[in-house]
Amino acid sequence: MKFFRLIWIGVWRKKVRTIFTVLSIVVAFLLFGMLQGIDTTFKQLVNQGRLNVLIATNPAGLPLPLADLSEIEAVPGITRVTYRSLFIGDYQSLRNIVIVLPVDSDNFFAENPMFSLSPAVRAAFLHARTGALVAQSLAARLGLKAGDRIPIHALNALKKDGTSDWAFDLVGTFDIPDSPIRDEPIVLMNYAYFDTARATDTGTVQMYQMMIADASQAASIANTIDNLFANSAHRTHTETERANAQGQLAQIGDLDFFVEAIVAAAFATLLLLTGSTLMQAFRERTHEFAVMKTLGFTDRGVSALVVSEAVLLTVGAAVLGLLIALALLPALGTVMARVGAPGLRLPGIVFAIGVGFAVLLALASALPAAWRAQRLTIIDALAVR
Amino acid sequence: MASLVSLHNVIKRYVRGKQTIEVLHQLDLEVPAAQFLALMGPSGSGKTTLLNLIGGLDRPTSGEIIVAGEHIQNLSSGQLAKWRARHVGFVFQFYNLMPMLSAERNIELPLLLTSLSSAQRKRNVAAALELVGLTSHAKHKPAELSGGQQQRVAIARALIADPTLLVCDEPTGDLDRASAGEILGLLQLLNRDQQKTIVMVTHDQKAADYASRILHVDKGQLIEAAVKSAA
Ligand SMILES: Nc1ncnc2c1ncn2[C@@H]1O[C@H](COP(=O)(O)OP(=O)(O)OP(=O)(O)O)[C@@H](O)[C@H]1O
Ligand SMILES: [Mg+2]
């Protein structure tokens, strides 16, 4: 590309100005990348929520009696029910927060096939009363291996012996591939052990999870369940796993709107900024463009140079910003995952959309300058000295 | 001898608001190939206007301009640009070099519009630098060169694509006597040794004396001053 040098030199004509322009574009696209990365992760989380799985919780967040189990199992259309509790703890120090899920190991894995583990480990866990499974990433981070005795200090689960110190025998690890929650510090334990050892709320669960045969019946089955307990002290709110995930996200706020508003504002500012910068750069160079036309560069050729400079500048800076987002997101995600937030990443499609935006931005902001470059007449421009 | 440049009945008017000025009145001109023509005349007489028409930088209000067999007043702006690239080299009073580019990159500029390979371009640029005696200044930016050196770079750039016609508007107007002598000697050499046709505007009789023919532009008309032998 023999014109590249010309374009490159044009871009760097005023170094300081170019650096500031590049920086603002980098920052805008870094912001775009980060926000879109967070947004897509949350969307992915919602989309992975299944429509043939129902979640029943108490609307006030109270525990539900385990005694409800047989009644729920009897509801027509439900093929399997599992349940679980949850407490937060730490391993050795508060720096290593863990989320402990006491599960009904008979049904938990059958209903949650995204937890991938070897059949041998699964069987061992089923038969080890004080056994525990930890997420692969957590095991790697804490240096844990099967056979280890792991103490976990609970933050919200008191034991009958008056302490909050739980001890587990590590049976093995599991993985949740392709999931934003892959790196969350999850520990699975047997519900039976949890329920007999804990001091409060015995005989209760945090939620029920039901597999149904026909997803189109989800609403009516949910209704049936909620009606069963409508008059009890422990009412239920039942919805699909996806709606449940959506509801949890809604608590954070209308993320979509937030992201779009910020990105739109940033891009509008950027458009004005790069547009006026390019126009200014053009004005300083009318004489040079006239000389190029004298030498035989066509009107279109000169305006193509102006546009190419804008594209190189904008797309180059945008790619830089997106690459920084690409590098930062997983790092940020890893840090956040330690406290239980989903892992973050920048999908290729977001990267591509970002580059597309940058091209549009370049074309839009270069338009006035390119138009003027095209119309520039040699004798008028050369006469001005 | 066949004319390289022919102007017939050329009228050029400029319109400024409500005012119309006719700068060239029904002008005729024949420039034979390989002639070194000097155009003289008072300021504002229309020398630059005439030169711009010959070089295809501007269009006549009426009349025809035939250069190297092409009726250039009929060409579209794009065709005209391509035609200039092939047939005309320009040298201006203020050099008009690209300030960001080194001498060699300035000279290379017209070659970017050709299909020459990078190696061929490099070779041609080296030869042009040699011709104007600036091989040792190839990497210098215009700001790092004297006026005379900048004008030599401009001449090398004007020559690099091997045009039939060189068009120079007061090429020595901004130079001291010694540098002016070098530039004019160079133009004369190009005219004699390479048979380049040159049309040069100048205020300076000493400069005009380097040419083989001198015309005076006066009140929009041309007056033959002297016909010198090509020797
Ligand atoms: N673009 C233009 N628009 C309007 N009038 C113009 C334009 N260019 C030149 N003129 C007018 O045409 C006349 C001739 O100008 P031109 O530049 O050709 O003169 P010149 O002989 O080259 O003068 P100088 O010796 O000062 O360079 C002048 O009166 C000038 O004001
Ligand atoms: Mg003039």
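Within every chain, numbering begins at 1; the chains are lettered A, B, ... in the order of the sequence lines, protein sequences first and strands thereafter.
- No other option in D299(A), T294(A), I9(A) has as many heavy-atom pairs under 4.5 Å with chain B as T294(A).
- Closest approach of T114(B) and K2(A) over heavy atoms only: O-NZ, 2.6 Å.
- Most heavy-atom pairs under 4.5 Å with chain A, from the set M98(B), R121(B), E108(B): that is M98(B).
- Note that the CG atom of L109(B) and the CG atom of L6(A) stand 6.0 Å from one another [nearest 0.5 Å].
- Heavy-atom contacts from other residues, nucleotides or ligands closer than 6.0 Å to CZ of F20(A) number 12 or fewer.
- No other option in L295(A), T377(A), T298(A) has as many heavy-atom pairs under 4.5 Å with chain B as L295(A).
- In this structure, no portion of R86(B) lies under 4.5 Å from any heavy atom of chain A.
- Interface remark: of the candidates R13(A), R5(A), M292(A), R5(A) forms the most heavy-atom pairs closer than 4.5 Å to chain B.
- Interface check for chain A: of the options P99(B), P110(B), G89(B), G78(B), the most heavy-atom pairs under 4.5 Å are formed by P99(B).
- Residue S77(B) holds its OG atom at 9.5 Å from CZ of R300(A), rounded to the nearest 0.5 Å.
- For a residue to count as touching a neighbouring chain, one of its non-hydrogen atoms must lie under 4.5 Å from one of that chain's; by this rule L101(B) touches chain A with the side chain only.
- Contact annotation for S118(B): neither backbone nor side-chain heavy atoms come within less than 4.5 Å of a heavy atom of chain A.
- Neither the backbone nor the side chain of S76(B) comes within less than 4.5 Å of any heavy atom of chain A.
- For W12(A), the CH2 atom counts as densely surrounded, since its 6.0 Å shell holds more than 12 non-hydrogen atoms of other residues, nucleotides or ligands.
- Taking non-hydrogen atoms and a 4.5 Å limit, the residue list of residues 267-285 of chain A in contact with chain B is empty.
- In terms of heavy atoms, A85(B) sits closest to G296(A) at CB-CA, 3.9 Å.
- Screening D58(B), L57(B), L80(B) for a side-chain contact (heavy atoms from CB on, under 4.5 Å) involving I378(A) leaves a single residue, L57(B).
- When heavy atoms are compared at a cutoff of 4.5 Å, F3(A) approaches chain B solely by way of its side chain, counted from C-beta outward.
- When atom types are taken as modelled, the side chain of R84(B) and the backbone of K293(A) share a donor-acceptor pair closer than 3.5 angstrom.
- With values rounded to the nearest 0.5 angstrom, M100(B) atom CE is found 11.5 Å from W8(A) atom CH2.
- Side-chain contact check for F90(B) versus V291(A): every heavy-atom pair is 4.5 Å or farther apart.
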